[in-house]
Amino acid sequence: MNSDSDEPLSNRYSRSMSDNDEDEDELPLAQRRMPKRQQVSPAHSDDSDLPISRLNTSNGKRSRSNHTPNGHQRDTTTGNHRKRQRTSASSASIPNGKMSGVKREPKSQPKTEPVLGHRHTAVNAEPGTHRVPNGNGMSQDAPDRSNGASNGGYRWWDEKNMGGNKLKWSTLVHNGVVFPPEYVPHNKPLIYKESTISLGPAAEEIATFYAEKLGTDYVKRPKFNANFFEDFRASMKGTPAYAIVKKLEHCDFSLIHQHVEEYRRAKKAMSQEEKQAKKKLEEELASKYLYAYVDGRKEKLGSYKIEPPGLFMGRGDHPKQGKVKKRIYPEEVTINIGEDAAIPECPMPGHHWGAIVHKHDVTWVCYWKERVTNQAKYLWFAAGSTFKGMSDHAKFEKARKLHKYIDNIRRDYRNDWKAKSKEVRQRAVAMYLIDKLALRVGNEKGDDEADTVGCCSLRVEHIKFHPPSTIELNFLGKDSIEYRNTVEIERLAFEALKLFCRGKRPGDEVFHRLSVQGLNDYLKSSMDGLSAKVFRTYNASITLDRLLQETPSDMTPDELVVYFNKQNKEVAILCNHQRSLPKTHEAQMQKMDKKKNEIIEWLEELKRGKSALKRLKAGSSVELTKMRPEKPQFTEDMTREQRAEERKRANEAPRISTSVKRNLTQLETEIIKVEARLSKTESTMIMKDDLKTVALGTSKINYIDPRIVVAWCKKHDIQIEKIFPKTLQVKFAWAMETSEDFRFYEGMVS
DNA sequence: GCGAGGACTTAGTAACGAGTGG
DNA sequence: CCACTCGTTACTAAGTCCTCGC
């Protein structure tokens, strides 16, 4: 517990206003700085305080929906204590919102001299000097010892001093990036009130974006349609269509939609050779652009393509969904490259790069501003690159380090639930929720973004209290994914939380005194580099590590993989990683159910036969009735469609009763086999239904220390490819040599 | 000290294509 | 062999966290 005197005056002031007062009129202060507190000394901890899996909660039900769980929008006139209006104001800071022509430097100045892109004029380097040997700077092909690795097989994890540098590279050479091709009009008209309207190329392209989305849920959303139509109509300005096309309801995109469908069909129906040719073309392009040289090493990029134009597909209730994302031209793009490297030729004739910079402290090769959200977009290196690998490794080492501090941190936040200062109490309860429930921290969001929340931005309407100490959380989190969890929490935290909500309106923030910055600043005082997101990584990884320790020893490899996925699922549920219900899920379940019933039917027949046989003398056999599906009757001249039709008919036809003979030994072995098949079918069904809305991949890619997986695979003699697909093996190349003894929370470098 | 925005990670989904079982 | 499933990859939106400039 920190004493008042340790605090800056500003905090004391805010405390005097709020301490122990649960006044409903209490206004959030603009200042939400947290007091510094004494350093927590590291200590080892036991295995207590595991995060509680969502499965064990009284109500493990989770669902997903596209609407606000609470069914209503926050009252912005009364209950809005949130800082908003960030982006709208900022977009105005760029005059006219355009960059073209003017070579504009991105706001943050590079450490090295920036060079505004004047039509590929080489910068800093005198012509012809300090250049990589050949013209394009990509000649010195380092030998690729990589085995498909993204970084030429460079084993950075063998180096003494990996990462940690402010400067990320000394030399950077690449060939630039590729732009989406110009639009080629198809001249299919729009139908408006039953007459055809030919659109100019600009409007036609936008209409085509929309036609591509027909059939999806997006076009059912009023906001999506309204935003689209506004931009669509604006694109018609100056053409005759502008005077005619006034309402989306009267627009019929079916001719364009037809064209889109035809194009899709044709693409699908391409011959093998055509597909090959296309693939080859793509590979040729990739061979020029997909790799860059970092300090002389060949490193793979994540992508070399500027995003093509289209409609902005914002998730959830995004205010800007449906708006048109315009085509990006080189003038809007900033290239980051080494001073000595040749400046890549601008791939679009008649255009030039927006700017060329030499920022050694960042890892992107190109940057532009996306005009709908005003967000910066970058092209980065691939997941298996040295940059990403090092940073991934550092992320997990940081999470492992947290283990040394976690006991103290938990002890402290429990103590702080009783603190005098409300800010301290709010911070302590928020930390508890972040730790226990693996919640995201929840930054403030603007009015021009979907209304989603995390821990710090939780509102009163998101929590229900069920005494003595159970809370029911229901809110939309990242990507507007619903978080729904009813969970028992510690009594003191429950009481504190209830107090935070007392007298507030539904739209008020629960932790109105707490800021993300304040929370993270405080965490840093407990452990160097600690921030809220580390808890998610830590709890996800340590949960899996511990669960895997309990692996039964008598499992077959197949069973082990199933077992792994089951534990992986626990982690995914902890992190609330969801996916949408697969469209065919219901049908698949029905199919499996049918199969299961058929197995049961056959099993009963076998058992009936067995008991019948017992009444007969040894060596005799019995007649059984086996139901077989009808076989499809194909003829030579049948078309593809006819064959499919026939297959379907046979499948749906009543099964044919056949008679088979079995003796006792045959029966007994078959019963065992069929029982095994039945149990496998049943467990697959349960698993499938369990996982229908759970996404396992996200935790595997982002939260689970890959060394845990590698160690487990080695220990149980499971091939790594059963757990990690090829791309993950490349991404986690640094973890592949982990020994089977590896434990997430032991033996880490401090 | 604060807000804006820059840099980077994390996220779900659509498209693709390899594997598989009838 | 062929259709269908399912795992994988590509894509890009949406978070986190920190720095920068006022």
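Each chain gets a letter, A, B and so on, in the order its sequence line appears, and its residues count up from 1.
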Query raised in the report: Looking at the side chain of A/Tyr367, which of B/dC16, B/dA7, B/dT10 is the nearest nucleotide?
Result: B/dA7
**Report entry** Of A/Val441 and A/Lys325, the one whose closest DNA chain C nucleotide lies more 5'
**Finding:** A/Lys325
Query raised in the report: Does a nitrogen or oxygen in the side chain of A/Ser531 sit under 4.0 Å from OP1 or OP2 of C/dT16?
Result: no
Query raised in the report: Is A/Arg400 positioned over the aromatic face of A/Tyr538, cation under 6.0 angstrom from the ring centre and no more than 45 degrees off axis?
Result: no
Requested in this report: Decide whether a cation-pi geometry holds between A/Arg221 and A/Phe224; the criteria are a distance under 6.0 Å from NZ or CZ to the six-membered ring centre and an angle within 45° of the ring axis.
Outcome: no
Query raised in the report: Salt bridge or not for A/Asp392 and A/Lys731, using N-O below 4.0 Å?
Result: yes
Query - Lys/Arg-Asp/Glu bridge criterion (N-O < 4.0 Å) met for A/Glu598, A/Lys591 - result: no
Query raised in the report: Choosing from B/dA11, C/dA14, B/dC8, which nucleotide comes nearest the side chain of A/Trp364?
Result: B/dC8
Report summary line: Rounded to whole Å, OH of A/Tyr522 lies from P of C/dC17 at a distance of 16 Å
Query raised in the report: Quick one: A/His585 NE2 to C/dT5 C1', roughly how many Å, whole number?
Result: 15 Å
Query - A/Asn443 CG to B/dA4 P, straight-line distance once rounded to whole Å - result: 13 Å
Requested in this report: Between C/dC18, C/dA13, B/dG12, spot the one nearest the side chain of A/Gln517, thanks.
Outcome: C/dC18
**Report entry** Pairwise 5' ranking along DNA chain B for A/Thr216 and A/Lys478, keeping only the more 5' one
**Finding:** A/Lys478
Report task. Specify the separation, in whole Å, of atom CD of A/Glu370 and atom P of B/dA7. Result -> 16 Å
**Report entry** Side-chain N or O of A/Lys377 closer than 4.0 Å to phosphate OP1/OP2 of B/dA7
**Finding:** no
Report task. Examine the side chains of A/Thr386 and A/Glu299 and answer whether a donor and an acceptor come within less than 3.5 Å of each other. Result -> yes
Report summary line: In 5'-to-3' order, the base (B), backbone-only (S) or no-contact (-) status of each nucleotide in nucleotides 6-11 of chain C, using a 4.0 angstrom heavy-atom cut-off, is S-SS-S
**Report entry** Selected nucleotide, minimal atom distance to A/Arg579 side chain, candidates C/dG15, B/dT13, B/dA7
**Finding:** B/dT13
Query raised in the report: So does A/Lys168 get a side-chain nitrogen or oxygen closer than 4.0 Å to the phosphate oxygens (OP1/OP2) of B/dA7?
Result: no
Query raised in the report: Where the side chain of A/Asn520 is defined as all heavy atoms beyond and including C-beta, which of B/dA7, C/dA13, C/dC18 is the nearest nucleotide?
Result: C/dC18
Report task. Would you tell me if any nitrogen or oxygen in the side chain of A/Ser391 comes within less than 4.0 Å of OP1 or OP2 on B/dC8? Result -> no
Query raised in the report: Taking only N and O in the side chain of A/His318, is any of them less than 4.0 Å away from OP1 or OP2 of C/dA14?
Result: yes
Query raised in the report: Taking for each residue the nucleotide of DNA chain C bearing the nearest heavy atom, is the 5' side occupied by A/Gly442 or by A/Ile306?
Result: A/Ile306
Requested in this report: Would you mind telling me which of C/dA13, B/dA11, B/dC8 lies closest to the side-chain atoms of A/Thr698?
Outcome: B/dA11
Query raised in the report: Rounded to whole angstroms, how far apart are NZ on A/Lys591 and C1' on C/dC4?
Result: 7 Å
Query raised in the report: Do you know which two heavy atoms are closest between A/Leu691 and A/Leu696, and how far apart they sit?
Result: CD2-CD2, 4.0 Å
Requested in this report: Would you check if there is a donor-acceptor pair between the side chains of A/Lys524 and A/Ser531 at a distance under 3.5 Å?
Outcome: no
Report summary line: To the nearest angstrom, the NE2-C1' distance between A/His577 and B/dT13 comes to 15 Å
Query raised in the report: Using a cut-off of less than 4.0 Å, is there contact between a side-chain N or O of A/Ser480 and OP1 or OP2 of C/dA14?
Result: no
Report summary line: Against the side chain of A/Arg440, the closest entry in C/dG15, C/dC18, B/dG12 is C/dG15
Query raised in the report: Could A/Lys369 and A/Glu332 be called an ion pair, given the rule that one side-chain N must be under 4.0 Å from one carboxylate O?
Result: no
Query - d(CZ, A/Phe224; C1', C/dA13) in whole Å - result: 14 Å
Query raised in the report: When the nearest nucleotide of DNA chain B is assigned to A/Lys533 and to A/Tyr378 on a heavy-atom basis, which residue is associated with the more 5' position?
Result: A/Tyr378
Report summary line: Picking from B/dG12, B/dC16, B/dA11, the nucleotide nearest the side-chain atoms of A/Arg536 would be B/dA11
Query raised in the report: Under 4.0 angstrom, heavy atoms only, what part of the nucleic acid is A/Lys267 near: base, sugar-phosphate, or nothing?
Result: sugar-phosphate
Requested in this report: Nearest whole angstrom, please: distance from the P of B/dC8 to the NZ of A/Lys398.
Outcome: 14 Å
Query raised in the report: Does A/Lys445 place a side-chain N or O at less than 4.0 Å from the phosphate oxygens OP1/OP2 of C/dA14?
Result: no
Requested in this report: Determine, using ring centers only, whether A/His257 and A/Tyr210 are less than 6.0 Å apart.
Outcome: no
